[in-house]
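Structure first, commentary second.
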Amino acid sequence: MKWAKNLRVDDVVRVELTIMPQATDKQYKDFNADEIAEAVALINKSSGRYISEPESLGGSTMTLYITTADGVQHTVTNNGNIYIRIDGDTYRSTHITWPYTEGDSPLPDSFQVGDTQAADANRFYVDDWSICIVGQWLRNLGTRVWLADNSDAYLSVVKQDSLADELAGLQNAGHAVEELDGYYRCVTQEGLSNTIVYLYPVLSNESCYWVETHWSYDNADESEVEVQATQLRMMAESFRVENGSSTADALIGSYADDMGSSLTIRKNADGSYAADLGIYKFTSVDNTAGSYDPQMNILHISGTADIGGTLAADVTADGTGRLIVTLTESPVSTGYLAAGAVFTFWPRVTGYPEYDEVLANICDLRLAGTQGTETEFSSDLLAVNDYYQTPGWLLRDLDGDGIPELLLGANWDEGHTVIFNIYRSGGTRAVRVVNGWNRNRWYLCTDGSLANEGSSSAFESSYSYYRYTSGELQHLETLLYLDDGSGGSPWRYSVTTDQYVNSGDFHSVTEAEATAVMDKYTHETLAFTPFVV
């Protein structure tokens, strides 16, 4: 999301658009300079709540392929006007209006359409293979066949014992077999009816998967058949042989530690694992093949560090949701990055690396039982969960700039929620905006303002109200309750300051007037997500 917010026209050398489903001659567009500027402005408006497990959706899918000056291609996808996907990360969109309804040309033959729709959110997993289902296809119950509801088009998946036998059979029947990157393709029937066979080898043995697609113009709408033909090709080319799951699959995901390091683990098509490991932002290992030791429950990763030399580490899970990374080989001689150094990583959950670092730090402190230790966080956030308090976090865009703030607080009894800390995005690090504790609590009000209620004794209390704008708090008004025993009204009021320095800063108000001020601000009940530990 931060990349999308900060993208500039000068960073972009090319933008391409695909729209599915759409007529064959309107599925693609290569933008000119003016259209690139408009696309960048649209991407800059991206916003929404990060979704770790989006539901599978049908409907229109629009994807912008952005090639930047450094040669990297990024993708931004609008899925059904519900989700925005940015380089694989999914957000429930709060800005869904895209102006694109169609392209101006067919998809180029060289265009990797499989990547267009091969979002894991739409991936169907069975046994040791998976496939992306694009559009409205109906699976025949109990089979591996997907049917169209208005024609005889279909896709089917069957496992065959011998890849060599299937290839020989196709060739003996006079069909030309094309060997592509990781699979074989053969057109067995073409014309008004078209049948294509894809063979995907199983690397662990001599078998293969026979993926067959078929469509026909007979008694069917021509434009609809063209859409189906494109979808069938995309689905067939999205087919992936999985190599079975293992307990190491539970490690797959993205993680962060409290110093800003990152760790991402994924699984390759051949069943091996790959890891991107950044230790304190100056050493990384990219796309390194790893191996898993099921007996020891350790994932071994190794590769070349970007500062020279090699880097290797063992990754294990400790049952709390975090990963423990122990360096077994280090490319540098500094003591804190020497072999044997141990680092802890927590799951990324917010979609914002700087906020994930904050949560990782809190989880480390909570796990270590450091309640009462002086930290930048409220001590109430470090307390164990009990019957009346469950500390957690929440993302909320307080000033409407499209980038949410991180609210840290607790769900108290009877639906009562309180905020202790608020952080804003500050580039590479999150910046604390407010700090509270049990007797100095913050609340989000239903009108978007923030209320701060504090008390030093039964005779002194404060009620201050603010508007959060451009990363800062703007004071609105403050009430003080100061019972000096004189018998007069204990209430004081100011719109100029929230700090009582002398009586000139505040003027006396009646209890009714004070109550009227407080009644303007209704506390919103928030749903905090509990900390991992």
Inset, instruction - Apply salt bridge (charged side-chain N to carboxylate O under 4.0 Å, His left out) to Glu354 and Lys2, showing your working. - result: CA-CA 11 Å; Glu354 63 271 35; Lys2 183 181 293 184; 3.2 Å; yes
Legend entry - Side-chain donor-acceptor contact under 3.5 Å, Glu212 with Tyr198: no
Legend entry - Rounded distance [0.5 Å steps], CD1 in Ile196 versus CZ in Arg233: 8.5 Å
Legend entry - Main-chain N/O of Val358 paired to Asp258 side chain as donor or acceptor, under 3.5 Å: no
Inset, instruction - May I ask you to decide if Thr18's main-chain N or O and Thr63's side chain share a donor-acceptor pair within less than 3.5 Å? - result: no
Legend entry - For Gln228 against Ala148, the heavy-atom pair lying closest together: NE2-CB, 3.5 Å
Inset, instruction - For the pair Arg432 (side chain) and Glu376 (backbone), establish whether a donor and an acceptor sit closer than 3.5 Å, ignoring hydrogens and angles. - result: yes
Legend entry - Atom pair CG (Leu444) and CG (Leu394), whose distance is rounded to the nearest 0.5 Å: 8.5 Å
Legend entry - Worked verdict on Leu323 versus Thr316 for side chain to side chain contact (heavy atoms under 4.5 Å, CB included): CA-CA 6 Å; Leu323 297 187; Thr316 58; over 6 Å; no
Inset, instruction - List the atom of Leu251, the atom of Ile265, and the distance in Å for their closest heavy-atom pair. - result: O-CB, 3.8 Å
Legend entry - Considering all heavy atoms, the nearest Trp146-Ile131 contact: CH2-CG2, 4.3 Å
Inset, instruction - Side-chain contact test, heavy atoms from C-beta onward, threshold under 4.5 Å: evaluate it for Ile419 versus Leu408 and give yes or no. - result: no
Legend entry - Polar side-chain atom of Gln474 near backbone of Arg467 as donor-acceptor pair, under 3.5 Å: no
Legend entry - Side-chain heavy-atom pair Leu17, Ile19 within 4.5 angstrom cut-off: yes
Legend entry - Between CZ on residue Arg85 and CG on residue Asn78, distance to nearest 0.5 Å: 12.0 Å
Inset, instruction - State, yes or no, whether a side-chain contact exists between Val325 and Val342 at a heavy-atom distance under 4.5 Å. - result: no
Legend entry - Phe239 ring center within less than 6.0 Å of Trp129 ring center: yes
Legend entry - Any donor-acceptor N/O pair, Tyr200 side chain to Arg240 backbone, under 3.5 Å: no
Legend entry - Distance, nearest 0.5 Å, that separates CG of Leu526 from OG1 of Thr417: 4.0 Å
Inset, instruction - Report yes or no: does Asp356 contribute a side-chain atom to a donor-acceptor pair with the main-chain N or O of Thr350 at less than 3.5 Å? - result: yes
Inset, instruction - Can you see which heavy atom on Ile252 is nearest to which on Arg266, and at what distance? - result: CG2-CA, 4.0 Å
Inset, instruction - With side chain to side chain contact (heavy atoms under 4.5 Å, CB included) as the test, would you mind laying out the steps for Leu406 and Leu395 before giving the verdict? - result: CA-CA 5 Å; Leu406 175 66; Leu395 293 183; 3.9 Å; yes
Inset, instruction - Go through the steps to decide whether Val157 and Tyr209 satisfy the test side chain to side chain contact (heavy atoms under 4.5 Å, CB included), and finish with yes or no. - result: CA-CA 7 Å; Val157 180; Tyr209 283 96; 4.0 Å; yes
Legend entry - Side-chain donor/acceptor of Ser378 to backbone N/O of Phe420, under 3.5 Å: no
Inset, instruction - Spell out, as yes or no, whether a donor-acceptor pair under 3.5 Å connects the side chain of Thr344 to the backbone of Ile324. - result: no
Inset, instruction - Kindly say whether the aromatic ring centers of Tyr423 and Trp393 come within a distance under 6.0 Å. - result: no
Inset, instruction - Answer whether the closest heavy-atom distance between the side chains of Arg322 and Leu367 falls below 4.5 Å. - result: yes
Legend entry - Side chain to side chain, Thr522 and Cys445, heavy atoms closer than 4.5 Å: no
Inset, instruction - State whether a side-chain donor-acceptor pair under 3.5 Å links Thr469 with Asp399. - result: no
Inset, instruction - Hey, can you tell me if Tyr352 and Tyr91 have their rings parallel, tilted or perpendicular (30° and 60° cut-offs)? - result: perpendicular
Legend entry - Side-chain heavy-atom pair Leu365, Thr375 within 4.5 angstrom cut-off: yes
Legend entry - Test ring-ring contact (aromatic ring centres under 6.0 Å, His included) applied to Phe31 and Tyr100, step by step: CA-CA 12 Å; Phe31 284 8; Tyr100 311 119; 5.6 Å; yes
Legend entry - Test side chain to side chain contact (heavy atoms under 4.5 Å, CB included) applied to Trp442 and Asn421, step by step: CA-CA 8 Å; Trp442 290 81; Asn421 293 137; over 6 Å; no
Legend entry - Backbone of Leu7 reached by a side-chain donor or acceptor of Asn44 within 3.5 Å: yes
Legend entry - Minimal non-hydrogen separation, Asp30 against Arg14, with atom names: OD2-NH2, 2.8 Å
Legend entry - Between Ser302 and Glu329: side-chain donor-acceptor atoms closer than 3.5 Å: no
Inset, instruction - Inspect the contact between Lys29 and Glu35 and indicate whether a charged nitrogen and a carboxylate oxygen are less than 4.0 angstrom apart. - result: yes
Inset, instruction - Please determine, by modelled atom types, if Glu524 and Tyr443 share a side-chain donor-acceptor pair under 3.5 angstrom. - result: no
Legend entry - Any Arg429 side-chain heavy atom under 4.5 Å of Glu357 side chain: yes
Inset, instruction - Please examine the side chains of Ile66 and Val76, heavy atoms only from C-beta on, and report whether any two atoms are closer than 4.5 Å. - result: yes
Inset, instruction - Please step through ring-ring contact (aromatic ring centres under 6.0 Å, His included) for the pair Trp346 and Phe531, ending with a clear verdict. - result: CA-CA 11 Å; Trp346 295 94; Phe531 295 123; over 10 Å; no
Inset, instruction - Measure the spacing between OG of Ser151 and CH2 of Trp215 and express it to the nearest 0.5 Å. - result: 10.5 Å
Legend entry - Test: Lys26 and Asp104 ion pair at under 4.0 Å: no
Legend entry - Flag, side chain of Asp257 to backbone of Gly260, donor-acceptor distance under 3.5 Å: yes
Inset, instruction - Provide the closest heavy-atom pair for Leu311 versus Ser330 in the form atom of the first, atom of the second, distance. - result: CD1-CA, 4.2 Å
Legend entry - Rounded distance [0.5 Å steps], CG in Leu147 versus OH in Tyr154: 10.0 Å
